[in-house]
Amino acid sequence: MMQEAYRWLWEHSRETAYLASFGRLAGWDQATYIPRKGHAHRAQMQAALAKLLHQRATDPRIGEMLAVVEGSDWLGPPESVEAVNVREWRRAYDRACKIPQRLAVELAQATSEGEAIWQEARPKNDWEAFKPTLKKIFGLTRELADAIGYQDEPYDALLDQYEPGATTKQLEPVFARLRQATVELLKRLEGSTRKPDTGILHRHFPQSAQEAFGREVVAKIGFDLEAGRLDVVAHPFMQGIGPGDVRLTTRYYEDYFNAGFFGIVHEMGHGLYGQGLLPEHFGTPMGSEISLGIHESQSRTWENLVARSLGFWRYFWPRAQQHFPSLGDVRLEDFHFAINEVKPSLIRVEADEVTYNLHIMIRFEVELALLRGELSIDDAPEAWDTKYQEYLGVRSPEIQDGVMQDVHWSAGLIGYFPTYTLGNLYAAQFFARAEQELGSLEVQFAQGEFTPLLEWTRKNIHHQGSRYWPRDLVREVTGQDLNPQFLIDYLNLKYSALYGV
């Protein structure tokens with residue numbers, strides 16, 4: 001009876017996952033190749049699918065089958081495949097049952113429409129056209145938080161869906177420590193007389209050459225291009241459709257190197273995680289990423305800890321100069337310094353390693369204020385600009401580079417932003433542990449050896465699926481709790497050397 005109940009749960013979960021794959025494919029298409037007039041119909045498609053998925057997620061038979069298997073010795077220890085799946089199925093079922101079907105459908109439709117409206121309004125700086133949609137999405141999201149329930153903050157109900165177990169109370173002291181260290185480091189770097197020549201990054205970089213070089217790099221690192229693809233979008237993302245189908249996107253500027261290249265490598269890091277999940281567990285928690293923070297740790301590892309290292313470029317520099325003749329007279333060391341420039345800026349996705357987390361903290365604080373009712377949508381642009389002025393010393397002249405710059409809110413991804421900084425924190429801690437076990441990684445990169453690090457992450461992170469919640473995974477892999485000092489030390493060591501401070 002227990003085995004039959006577990007089998008039913010397993011099959012129901014996989015079938016639901018196949019249906020969800022259609023939604024992810026439709027979402028990818030909407031961000032890439034959909035005809036301009038197709039957005040309204042796509043929103044209705046997504047709403048219909050959301051209704052079906054919600055019905056499957058709240059099917060009473062799930063509760064009945066879980067009641068049969070829970071607490072049984074047949075499941076084995078808590079970290080066994082069966083026990084992990086049952087634990088996470090219960091968590092998802094209880095959460096889904098708290099969300100009214102009407103709300104799930106309204107959110108799906110509002111966010112599908114919201115992304116299309118954002119894409120249209122942002123280039124025009126048309127805040128007034130976007131604002132009603134944003135108000136609707138935040139209203140529905142607050143309703144979602146209330147439906148799910150929370151102990152201290154409505155924000156916690158939203159954060160938990162992206163980072164299981166995380167709370168505002170946990171994040172605030174960690175973020176405060178990182179913020180203080182970041183501000184102190186930034187002041188020292190800004191006082192340095194040594195500055196990179198970033199003009200070399202604004203030479204001519206043909207889009208075709210950028211794409212060819214990007215494909216060469218991701219293939220060398222280990223991303224399987226026969227199980228993925230690379231496309232151009234307004235806002236880069238990775239979409240995992242399922243086993244054998246993991247899609248990367250980026251955007252190119254022919255007069256700026258960093259955006260396209262590091263966008264590709266960043267999304268490749270996400271894609272490696274997707275390709276590293278065990279296909280035999282597809283559609284179950286053991287075949288799923290545990291959190292967005294852990295996901296982000298993978299993209300940040302490859303984008304920053306690997307692809308911004310000197311060792312990485314010692315290996316790829318000859319190929320880069322072949323792809324881009326405009327770099328022919330540039331010294332490797334000058335290029336490396338330029339791609340690691342620290343300079344407060346307006347755009348999060350183009351921010352350097354040192355200032356990036358300040359961008360996230362601004363969003364975290366604005367979201368919190370909006371959810372708490374301390375800030376209105378009408379006043380959000382001014383609050384945003386004020387925080388940028390305070391934290392980074394910059395202020396956007398246009399709203400498209402201010403409160404409208406990110407796609408996340410239009411997509412309903414409220415509570416998502418903290419996972420970016422958590423990803424940076426996890427990445428530094430995981431990387432330090434990997435280096436303890438594997439030896440100098442930068443030496444390996446300089447020799448074109450990326451497989452040892454990839455295999456280490458596959459074994460310790462990707463193949464674990466949802467076996468451990470994020471902070472438990474950090475403890476399991478590194479032997480200690482999340483510690484911001486790893487990221488603080490990494491940033492101070494790297495950038496003090498570059499800037500001579």
Side-chain angles (χ1 to χ4, degrees), residues 28 31-33 123 196-239 246-272 274-275 298-341 343 345 347-353 442 445-451 454:
W28 170 85
T32 51
Y33 299 118
D197 174 12
T198 56
I200 60 181
L201 302 176
H202 292 275
R203 297 182 178 184
H204 183 54
F205 301 99
Q207 179 170 325
S208 58
Q210 290 190 58
E211 183 174 351
F213 182 56
R215 287 178 176 275
E216 180 178 327
V217 168
V218 300
K220 176 62 179 177
I221 288 173
F223 183 80
D224 184 357
L225 284 165
E226 293 187 355
R229 55 180 294 136
L230 175 63
D231 295 276
V232 180
V233 292
H235 190 103
F237 66 95
M238 182 281 295
Q239 186 63 276
V246 175
R247 306 187 180 199
L248 314 180
T249 65
T250 193
R251 58 185 173 191
Y252 300 104
Y253 301 97
E254 293 198 327
D255 61 350
Y256 183 47
F257 176 83
N258 282 16
F261 179 76
F262 290 106
I264 290 173
V265 178
H266 178 96
E267 301 306 335
M268 177 213 68
H270 285 302
L272 288 173
Q275 291 185 343
Q298 301 308 285
S299 62
R300 287 295 170 180
T301 292
W302 293 100
E303 176 194 358
N304 291 333
L305 298 165
V306 179
R308 292 186 193 272
S309 72
L310 184 58
F312 176 92
W313 286 104
R314 287 194 190 283
Y315 179 76
F316 279 112
W317 188 238
R319 294 295 298 145
Q321 290 184 307
Q322 289 177 20
H323 280 283
F324 309 111
S326 61
L327 294 176
D329 64 339
V330 177
R331 292 175 62 249
L332 167 61
E333 291 76 12
D334 292 337
F335 177 81
H336 177 249
F337 193 10
I339 62 171
N340 285 291
E341 179 194 28
K343 183 179 181 180
S345 63
I347 308 301
R348 174 186 63 85
V349 295
E350 296 172 8
D352 58 81
E353 284 184 281
E442 184 146 0
F445 302 156
Q447 297 169 349
E449 297 176 2
F450 302 99
T451 301
L454 179 57

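Computed from a prediction, not measured in an experiment: that's the story for all the values here.
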Please tabulate, one pair per line, all N/O donor-acceptor pairs under 3.5 Å involving side-chain atoms of residues 213-227, not counting sequence neighbours.
from : atom 1 : to   : atom 2 : distance (Å)
R215 : NE     : E211 : OE2    : 3.2
R215 : NH2    : E211 : OE2    : 3.3
E216 : OE1    : R319 : NE     : 3.4
E216 : OE1    : R319 : NH2    : 2.9
E216 : OE1    : H323 : NE2    : 2.9
E216 : OE2    : R319 : NE     : 2.7
D224 : OD1    : E226 : N      : 2.9

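- Closest approach of F445 to S309, counting heavy atoms only: CD1-OG, 3.8 Å.
- Going from atom CZ of R229 over to atom CD of Q239 covers 13.0 Å, rounded to the nearest 0.5 Å.
- Interatomic distance, CG of N340 versus CZ of F335, reported as 9.5 Å (0.5 Å rounding).
- Side-chain rings of F257 and F324 approach one another, their centers coming within less than 6.0 Å.
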Show your working on side chain to side chain contact (heavy atoms under 4.5 Å, CB included) between V232 and Q207 and close with a plain yes or no. CA-CA 10 Å; V232 180; Q207 179 170 325; 4.0 Å; yes
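- The nearest pair of heavy atoms linking W313 to A320 is CZ3-CB, 4.0 Å.
- Atom-to-atom distance recorded for F337:CZ and I200:CD1 is 10.5 Å, nearest 0.5 angstrom.
- Of the residues L272, T301, V306, the one that meets the side chain to side chain contact (heavy atoms under 4.5 Å, CB included) test with L454 is L272.
- Under the 4.5 Å side-chain criterion, counting only non-hydrogen atoms from C-beta, D352 is not in contact with E341.
- Of all the heavy atoms in V246 and G271, the pair that sits closest is CG1-CA, 3.6 Å.
- Aromatic pair F205/Y256: ring centres not closer than 6.0 Å.
- Considering CD of E303 and CD of E353, their distance stands at 7.5 Å, rounded to 0.5 Å.
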Please test H336 against R308 for side chain to side chain contact (heavy atoms under 4.5 Å, CB included), starting from the C-alpha separation and ending with a verdict. CA-CA 7 Å; H336 177 249; R308 292 186 193 272; 5.8 Å; no
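- Closest heavy-atom contact between S345 and A351: OG-CA, 4.2 Å.
- Distance CG/L201 to OH/Y253: 15.0 Å, rounded to 0.5 Å.
- For the salt bridge (charged side-chain N to carboxylate O under 4.0 Å, His left out) condition, the pairs that include at least one residue of residues 196-206, sequence neighbours left out, are R203-D329.
- The distance from atom CZ of R247 to atom CG of D231, rounded to the nearest 0.5 Å, is 7.5 Å.
- The side-chain contact (heavy atoms from CB on, under 4.5 Å) search around E267 returns P236, M238, L248, H270, not counting sequence neighbours.
- Checked by atom type and distance alone, the side chain of S326 pairs as donor or acceptor with a backbone atom of H204 at under 3.5 Å.
- Here the closest non-hydrogen pair linking V330 and W317 is O-CZ2, 3.3 Å.
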